[in-house]
Structure formats: C-alpha cells, structure tokens
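I have placed the structure first, in the form of structure tokens, so that the comments after it can refer back to it.
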Amino acid sequence: MRGVSMLTMARAAWAAVRYAVVVPLLQLAVYLCAAMSLMLFAERLYMGLVVAALWLRRRRRQRRNPSRNKGDDDGGAGDLESGGGEDLPMVLVQIPMFNEKQVYRLSIGAACGLWWPADKLVIQVLDDSTDAGIRALVEAECRRWAGKGVQIRYENRSNRSGYKAGAMREGLKKGYARDCELVAVFDADFQPDADFLRRTVPVLQADPAVALVQARWRFVNADECILTRIQEMSLDYHFSVEQEVGSACHGFFGFNGTAGVWRVQALADAGGWKDRTTVEDMDLAVRASMRGWRFVYAGDVQVRNELPSSFKAYRYQQHRWSCGPANLMRKMFWEIVASRQVSAWKKVHVLYGFFFVRKVVAHLVTFLFYCVVIPAYVLVGGQDVRLPKYVAMYVPAIITLLNAVCTPRSWHLLVFWILFENVMSMHRSKATIIGLVEASRANEWVVTEKLGSVTSTPAAATTMAANKGAMKKKKSQSSILAPEIVMGLCLLYCAVYDIVFGHDHFYVYLLMQSAAAFVIGFGYVGSQ
C-alpha cells in the first residue's frame with residue numbers, strides 16, 4: 001500500500017509540474033519557433049522573388065540585344081600581349097596559407113598564370129606555416145616562378161598573430177605593395193582562371209564607388225561524397241540567391257574571404273583587416289559598407305576550389321562560420337546603428353536580414369524546432385500543446401524547396417540534406433550562442449583541411465590517396481562522436497514512445513532523424 005501511495009503521489013506531482021511548467025514552456029517554444037520560421041520564410045520568399053525578377057530582366061535584355069556579349073571573348077588579351085596596359089591599375093594578389101602541403105602549388109601556379117601585364121602584377125605568398133619542411137617547399141615554388149620573370153614575393157612571419165587577417169594586414173604594409181591600387185585574395189585551394197582579373201577589374205575601374213567585386217566558387221570535388229554534395233546544395237543557394245540579392249538590392253553582401261578583388265583605398269578607409277573575430281572577411285565588408293562603399297557580385301566569374309570532404313574539417317569550418325557572424329553582430333551592433341553614411345533601410349537590412357535572420361535565427365530555429373520541440377511535443381502529448389500544421393509542415397517545406405531549387409541535380413538528395421542539416425544545427429546553434437555571449441571558444445581558429453582534390457594529375461592523385469590513407473588510420477581513434485550518438489538515442493526513444501502512445505505519426509520523422517544522427521555519430525559521413 002505504501003508503494004502504491006508513493007507512486008500515486010509521484011504521478012500527482014508530475015501532473016502538477018506538467019500543467020504548471022512543462023506545457024506552458026513547450027507552448028511558448030512552439031510560438032517562438034513559429035515566429036522565427038515566419039521570419040525565415042519571409043526572408044527566403046523575398047529573396048526568391050528578387051532573383052526571379054533579376055532573371056526575367058536578364059532574359060529581356062538578351063532578347064533585345066542577343067549579340068551583346070559576342071566578340072568580347074578576347075576581353076583585351078590582345079592588348080595585354082602586345083604590351084598595351086599603361087592605363088591598367090597595379091594589382092597585388094595575396095595568397096594566405098598555413099601548412100598547405102597538398103595545395104600550395106595549385107594556387108601559386110594559377111595566380112602566376114593570370115593574364116595581366118607583368119609590370120602591373122605582384123604575387124604575394126603569405127605563408128604562416130609552422131612546418132619548416134612545408135615552408136621550404138613553398139619558398140622553393142616561389143623562387144621557381146620568380147625565375148620565370150614573375151613578380152612574386154614570399155613572406156613568412158615569426159608568429160601567427162591575427163591569423164589570416166594579421167598576415168594580410170602585414171602584407172599590405174610591404175614597400176612593394178604600397179603602389180598597388182587593387183588587391184585580389186585567394187585562399188590556398190583556390191585556382192582562378194587566367195582571365196579572372198580582366199573580368200573583375202573593369203567593374204572597379206568603371207565605378208569608383210565600388211569597393212569589392214566578389215566571384216563565385218566552383219566546387220571541383222562536389223561529387224566526391226555525399227558530404228560534399230550536401231555542401232554544394234547549401235553553398236549554391238548562398239551564391240545564387242543571397243549574394244545576388246545583396247548585390248542587386250543593397251550593394252552589400254558578406255565578403256567570402258577569397259576569390260574577390262578589393263580597392264585598396266576602400267580597404268584602408270574601412271580600417272583595414274582586423275582580427276577581433278574569426279570572420280575577418282565579413283568584419284571588413286560590414287565596416288566598408290557602413291562607410292558608404294558598394295559591392296558587386298560577379299556570378300558569371302567562377303573560381304575553382306575544394307570543399308572539405310571530412311566531417312571533422314567541415315564541423316570546424318561550420319563552427320567558425322556560425323560563431324564568427326554572431327560575435328561580429330554583438331561587437332558591431334551599435335556601430336552600425338550609429339553610422340551616418342548609409343540609409344536607415346540599409347542598416348535594417350544588415351542588422352535584421354543579414355545578421356539576425358540568416359546568421360542567428362536560421363541556426364536556432366532549426367535545432368530548437370526539429371531536435372527539441374517536436375521530440376518534447378511527442379513526450380508531453382499533443383492534447384495540451386497546440387502545434388499548428390503550418391509550423392510543422394507547410395512553412396518548413398517551402399523554405400526547403402526554395403533552398404534546393406538552385407541545385408536541381410541534387411534534388412534526389414533532398415531528404416538526406418534535411419536530416420544532415422538538422423544534425424548540424426546542433427553544432428551551429430552552439431557556435432552561435434558562443435559567439436553571442438563571447439564564450440571561451442568564440443575566437444577559436446582551426447584551418448580547414450584540404451586534400452588537394454582540385455586537380456586530376458597523377459602526382460596529385462597519389463598524394464591525395466596517401467592523405468586519405470593516413471586519415472583512415474586515424475579514423476578508428478576519433479570516429480565516435482558522442483553528441484550525435486546521444487542525440488540519436490534521445491530521438492530514437494521519442495520515436496518508440498510515439499509508436500506506442502502517440503497519434504500524430506511523428507515517429508516517421510524521428511526514426512529517420514535518429515538514424516541520420518547515428519550515421520554521423522559513428523563516422524560514416526565524409527570521405528572514407
């Protein structure tokens with residue numbers, strides 16, 4: 001009898017807590033997710049309509065003048081080859097790198113092959129490598145190109161102060177760099193085509209108010225594994241929609257940190273490179289924009305690069321890309337509000353659309369709704385908590401379709417993309433919160449590992465195979481990811497509970513999501 005009375009008391013206590021605390025909090029979380037989902041939906045719909053309008057405008061122009069671009073393929077190559085480059089600006093090409101043994105030859109070779117007058121082009125290799133052997137290799141490669149008549153300078157620092165931002169800041173202080181009007185930036189795995197400068201520099205020459213021309217990335221290893229295919233889907237949307245709309249409507253978007261050309265005057269006017277966050281590229285872009293400078297996105301100019309093919313490298317990259325913007329928003333909020341050189345509309349776009357919705361809300365609502373609210377809703381029971389269908393189904397479905405429309409070749413991977421992004425939202429949400437509160441890992445910088453996938457030469461293929469072999473040996477030591485495993489167990493429990501006691505069929509989603517968490521948790525995502 002005593003045991004029965006204790007059980008009855010426990011049930012009564014749980015019922016009291018459930019109705020007084022759990023149900024109201026869960027309902028509040030549902031409303032919060034609904035509000036954030038509608039914010040994200042409105043932003044996605046607005047950008048989709050703008051892109052559609054831009055596409056229609058381009059089609060009209062092509063119909064009116066179908067031969068507009070014919071005859072321009074030479075792009076001035078004849079003038080350059082014949083020595084006619086007196087009116088062209090001096091260009092500095094910066095290639096920051098850190099222990100890039102697999103890809104240093106690719107970026108240096110591509111930069112040295114740019115079509116531009118030899119006396120108007122300086123290649124600057126900013127090598128922060130800590131490995132003496134790699135430093136020697138990079139320096140030898142620079143000497144090899146210098147022997148061919150290329151103006152190339154090798155720079156190595158005694159410390160990594162400021163990381164990438166610090167290296168580029170120091171590079172601009174060199175005497176030979178002070179005469180340069182423009183600076184192009186390429187990360188170590190980026191290979192610009194030979195005509196890159198001829199297609200981007202004229203934009204800066206035509207309009208002195210333009211500070212930056214950003215090119216699009218072309219992913220040469222997108223077919224390597226499902227991880228790279230999923231990244232391609234997300235980044236295609238970023239370039240095809242977010243960058244395009246920012247350029248067309250606001251003259252502002254986040255600099256991608258590479259594959260872009262800056263006007264040195266604008267860079268100096270904005271205060272130069274700063275290392276206060278892990279997104280020094282975005283920091284510079286926001287400061288330049290608040291000074292009244294405009295940006296242009298050149299989506300037809302593509303630069304080859306490599307996507308991270310190991311989950312570990314991708315996770316570190318996403319931590320930096322999620323934590324950095326949140327931390328930058330915290331640091332620049334009042335600076336943006338107080339800016340007097342831009343309109344109130346542009347401030348609203350930067351603070352609300354660019355930072356809050358895309359860099360904060362997008363991460364938090366994905367994790368909170370799909371990984372917390374729905375499982376909690378299943379456990380608490382749907383009778384006492386109202387979960388509108390538009391929040392659970394319609395709005396997320398439309399947002400997903402708007403994201404996926406830019407990569408039609410991967411539509412069959414849409415379900416995998418959704419499940420993977422939901423698992424990654426756990427890491428992104430954590431990183432976003434770390435950035436907002438400026439916790440200990442807010443300034444953590446880990447260089448994204450590259451395997452040299454951007455070439456198909458036999459030597460590079462052999463090197464890449466050796467690199468992957470070494471990674472495979474390490475796999476057994478670090479393949480188990482505890483957070484994903486715990487997440488999978490929790491979702492699996494909720495799925496079983498819904499099968500036994502539920503009535504909304506959420507177990508279908510929960511079973512698939514738990515399986516995705518287990519697959520990632522046991523290390524079966526990325527190059528094997």
Side-chain angles (χ1 to χ4, degrees), residues 35-69 199-200 203 207 210 212-219 222 229-256 259-260 285 289 294-303 343 345-359 361-363 365-366 390-391 393-415 417-418 421:
M36 291 193 291
S37 294
L38 290 175
M39 289 180 196
L40 196 58
F41 171 74
E43 179 75 5
R44 293 287 193 268
L45 184 61
Y46 156 72
M47 291 192 292
L49 292 173
V50 171
V51 168
L54 292 172
W55 181 80
L56 289 173
R57 188 174 69 178
R58 280 194 289 264
R59 286 294 298 270
R60 285 199 203 98
R61 287 179 177 175
Q62 290 173 359
R63 287 175 182 174
R64 289 174 185 172
N65 192 4
S67 61
R68 181 184 178 190
N69 295 321
R199 299 178 67 186
T200 54
V203 180
D207 189 347
V210 173
L212 164 70
V213 176
Q214 172 70 61
R216 180 172 177 148
W217 299 359
R218 186 167 81 231
F219 318 112
R229 288 290 291 271
I230 288 173
Q231 291 177 72
E232 181 192 36
M233 293 177 70
S234 299
L235 288 171
D236 274 352
Y237 177 82
H238 167 69
F239 284 105
S240 300
V241 178
E242 292 178 345
Q243 301 295 73
E244 188 78 47
V245 172
S247 175
C249 296
H250 310 282
F252 166 79
F253 48 81
F255 174 44
N256 295 117
S289 180
R294 294 192 303 105
F295 306 157
V296 173
Y297 171 64
D300 58 330
V301 182
Q302 299 185 2
V303 180
S343 65
W345 168 243
K346 191 166 188 177
K347 294 179 188 179
V348 170
H349 167 69
V350 173
L351 286 174
Y352 174 77
F354 180 76
F355 273 123
F356 183 65
V357 175
R358 297 185 210 168
K359 311 301 182 185
V361 168
H363 302 323
V365 69
T366 304
Y390 75 87
V391 178
M393 298 174 58
Y394 305 139
V395 170
I398 295 174
I399 291 175
T400 300
L401 292 175
L402 289 173
N403 274 274
V405 73
C406 299
T407 316
R409 80 185 193 98
S410 297
W411 284 351
H412 62 290
L413 299 174
L414 196 56
V415 173
W417 178 74
I418 293 170
E421 289 294 296

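- When all heavy atoms of Gln214 and Ala259 are compared, the closest pair comes out as NE2-O, 3.2 Å.
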Quiz item: Hey, mind stepping through Arg44 and Tyr237 against side-chain contact (heavy atoms from CB on, under 4.5 Å) and telling me if it holds?
Solution: CA-CA 10 Å; Arg44 293 287 193 268; Tyr237 177 82; 2.8 Å; yes
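- A distance of 14.5 Å separates CZ of Arg229 from CH2 of Trp417, quoted to the nearest 0.5 Å.
- Listed by chain and number, the residues in a salt bridge (Lys or Arg N to Asp or Glu O under 4.0 Å) with Glu244 are Arg58 (sequence neighbours excluded).
- The minimum heavy-atom distance linking Ser240 with Arg216 is given by the pair OG-NH1, 2.9 Å.
- Here Asp300 contributes atom CG and Arg199 contributes atom CZ; the two are 5.0 Å apart, rounded to the nearest 0.5 Å.
- In this structure, the separation between CG on Leu45 and CG on Leu38 is 11.5 Å, given to the nearest 0.5 Å.
- Closest heavy-atom contact between Ser247 and Tyr297: OG-N, 3.0 Å.
- Using modelled atom types and a 3.5 Å distance limit, the side chains of Asn403 and Glu421 yield no donor-acceptor pair.
- At a threshold of 4.5 Å between non-hydrogen side-chain atoms, the residues Glu43 and Phe356 do not count as touching.
- Distance CZ/Arg57 to CZ/Arg61: 4.5 Å, rounded to 0.5 Å.
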Acceptor/donor pairs from residues 345-353 side chains to any protein atom, 3.5 angstrom cut, sequence neighbours excluded:
| from | atom 1 | to | atom 2 | distance (Å) |
| --- | --- | --- | --- | --- |
| Lys346 | NZ | His250 | O | 3.4 |
| Lys346 | NZ | Ser289 | OG | 3.2 |
| Lys347 | NZ | Val337 | O | 3.0 |
| Lys347 | NZ | Ser339 | O | 2.5 |
| His349 | ND1 | His250 | NE2 | 3.3 |

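- Here Leu49 contributes atom CG and Leu402 contributes atom CG; the two are 9.0 Å apart, rounded to the nearest 0.5 Å.
- Of all non-hydrogen atoms in Pro396 and Val391, the two that sit nearest each other are CG-O, 3.1 Å.
- Expressed to the nearest 0.5 Å, how far CG of Leu212 lies from CZ of Phe253 amounts to 5.0 Å.
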Practice problem: Applying side-chain contact (heavy atoms from CB on, under 4.5 Å), run through Leu414 and Leu401 and close with a yes or a no. | Solution: CA-CA 9 Å; Leu414 196 56; Leu401 292 175; 4.2 Å; yes
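- Put simply, the side chain of Gln243 never gets that close to the backbone of Ala298: no donor and acceptor are under 3.5 Å apart.
- Only one option out of Val245, Leu56, Val405 pairs with Val51 in a side chain to side chain contact (heavy atoms under 4.5 Å, CB included); it is Val245.
- The aromatic rings of Phe219 and Phe239 sit tilted relative to each other, their planes meeting at an angle between 30° and 60°.
- Under the 4.5 Å side-chain criterion, counting only non-hydrogen atoms from C-beta, Val365 is not in contact with Met39.
- Of all heavy-atom pairs spanning Ala215 and Val303, the tightest one is CB-CG2, 4.1 Å.
- For residues 36-63, the set of pairs meeting the ring pair (Phe, Tyr, Trp, His ring centres under 6.0 Å) definition, not counting sequence neighbours, is empty.
- Nearest approach of Trp411 to Ala404, heavy atoms of both residues: NE1-O, 2.8 Å.
- Residues Val241 and Val50 have side chains not in contact (no heavy-atom distance under 4.5 Å, counting atoms from C-beta outward).
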